[in-house]
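Read the structure below first, then the notes.
Quantities reported herein were computed from a predicted structural model and do not represent experimental measurements.
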Amino acid sequence: SRLTTLGHMAAGLAHEINQPLAALRLYATAVEDMVATLDVPDLLDCVKRIDQQSLRAAEIMRRMRNFANLGSNKREEIEINRLIQEVLAILEHEFKRGRVRVDVRLAEGAPCIRCDAIQIQQVLVNLIRNAVEAMNETEFDERVLTIEASVENERVSVRISDAGCGIDPEKMDTLFKPFRSSKASGMGIGLSICRTIVESHGGSISVEANAPRGTTFRFAIPLVEPARTA
C-alpha cells in the first residue's frame, strides 16, 4: 500500500543520505592523500566531485521529502546506460581503493526507462557498494565486479555480480525485508529500500548465488520507447 511504501521510504531516509555522504568522505580522504604529493590537477578534480556529491545529497533529501508529502516524483525517460555510467564515475575512487576491476557491459542501442533518476541511481550505488564490500577478503586479482544491462521481455534488466564471500543461503529469503542484513554492523535498510524503489517503478529485484563464489543481484524495470523529436 501507499502507507507501507511511505514507511519504507521514511525508514530508509538515513540510508539514502548516507550514500552520497560516504562518497564525500571517500573523496575527502583522497584529497588528503594527494595533498602530500602536491598533485594539483587530481586535487582539483576531487574537490569538484565533493561539491557534486554535496548537491546530490541535497537533491535526494528534497526528493524524499516530496515523496513523504505525497508529492509527485520527477520521472522522465532516461537511458539506463547513462545512469550506470554516472554511478560508475561517482564510485571511481572507491574501485581504486578497493583494487576492484570493473567489467561493464552496457545495453545495446539506447534502451530507456521512465524513472526518478536519483532513486534508481541510489539502487545502483547501494548494490554496487555492497558488491565491492563483499570482496574485501577476496584475492586482489580475483576482485571483479560485473555490471551488465540488457533488454529482456520488454524490460530493462541490470545485473550486478561480485566474486565475494557470498550470502548465507538461509538468509536469502529474508534479504529484502526491513531490518534484515547480512552485515554484522548493518541495519538491513539498504536492500529493503532498493526493493521499494524498484517496485514503485513497476519492476522487480532478485538475488542468486554465483558458482563457485559470489552473488548476483538483478533488477528489471519496464522498457519505454525513447522520446522522438520531430
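A salt bridge does not link E76 with R114: every distance from a Lys NZ or Arg NE/NH1/NH2 to an Asp or Glu carboxylate oxygen is 4.0 Å or more. Salt bridge status for R159 with E152: present, with a side-chain N to carboxylate O gap under 4.0 Å. For the pair R143 and E139, the salt-bridge criterion is not met [side-chain N within less than 4.0 Å of a carboxylate O].
Looking only at distances, no side-chain donor or acceptor of D162 sits under 3.5 Å from a matching main-chain atom of V144. Judged by distance alone, with hydrogens and angles left aside, the side-chain atoms of D116 form no donor-acceptor pair with the main-chain N or O of R75 at under 3.5 Å. In this structure, the side chain of N126 does not engage the main chain of V123 through any donor-acceptor pair within 3.5 Å. In this structure, T138 contributes its side chain and A163 its backbone to a donor-acceptor pair below 3.5 Å.
In terms of heavy atoms, A131 sits closest to I160 at CB-CG2, 4.2 Å. When all heavy atoms of I205 and C194 are compared, the pair lying nearest together is CD1-CB, 4.2 Å. G164 and R213 make their closest contact through O-NE, 3.3 Å (heavy atoms, listed as atom of the first residue, atom of the second, distance).
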- Under the side-chain contact (heavy atoms from CB on, under 4.5 Å) rule, what do L91 and R129 come out as? Steps first, then yes or no, please. CA-CA 8 Å; L91 299 177; R129 291 188 76 242; 4.1 Å; yes
- Tell me, with the steps shown, if S157 and R218 meet side-chain contact (heavy atoms from CB on, under 4.5 Å). CA-CA 7 Å; S157 174; R218 173 186 176 274; 3.0 Å; yes
- Could you check L106 against I84 for side-chain contact (heavy atoms from CB on, under 4.5 Å), going step by step and ending with a plain yes or no? CA-CA 8 Å; L106 298 177; I84 293 173; 4.1 Å; yes
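Atoms CG and CZ, on L145 and R101 in that order, are 10.0 Å from each other to the nearest 0.5 Å. Interatomic distance, T196 OG1 to Q119 CD, rounded to the nearest 0.5 Å: 10.0 Å. Within the model, atoms CZ of F219 and NE2 of H201 stand 10.0 Å from one another, a figure rounded to the nearest 0.5 Å. With rounding to the nearest 0.5 Å, the separation of CG in N81 from CD in Q85 is 6.0 Å.
Residues F95 and I128 have side chains in contact (heavy-atom distance under 4.5 Å, counting atoms from C-beta outward). The shortest side-chain heavy-atom distance between I80 and C112 does not fall under the 4.5 Å cut-off. When side chains are defined from C-beta on, M135 does not count as touching E142, because their heavy atoms never get closer than 4.5 Å. Proximity of C115 to L83: side-chain heavy atoms (C-beta onward) are separated by under 4.5 Å at one or more points. Proximity of L191 to F217: side-chain heavy atoms (C-beta onward) are separated by under 4.5 Å at one or more points. Here the side chains of T215 and S161 are not in contact, with every heavy-atom distance at 4.5 Å or above. In this structure, I113 and L223 have side chains that are not in contact, with every pair of non-hydrogen atoms separated by 4.5 Å or more. Between I147 and D103, every side-chain heavy-atom pair lies at or beyond the 4.5 Å cut-off.
Side-chain contact, T146 with R105: no donor N or O sits under 3.5 Å from an acceptor N or O. For the residue pair S204 / R155, a side-chain donor-acceptor distance below 3.5 Å is found, with atom types taken as modelled.
Other residues, nucleotides and ligands place no more than 12 heavy atoms under 6.0 Å from the CG atom of N153.
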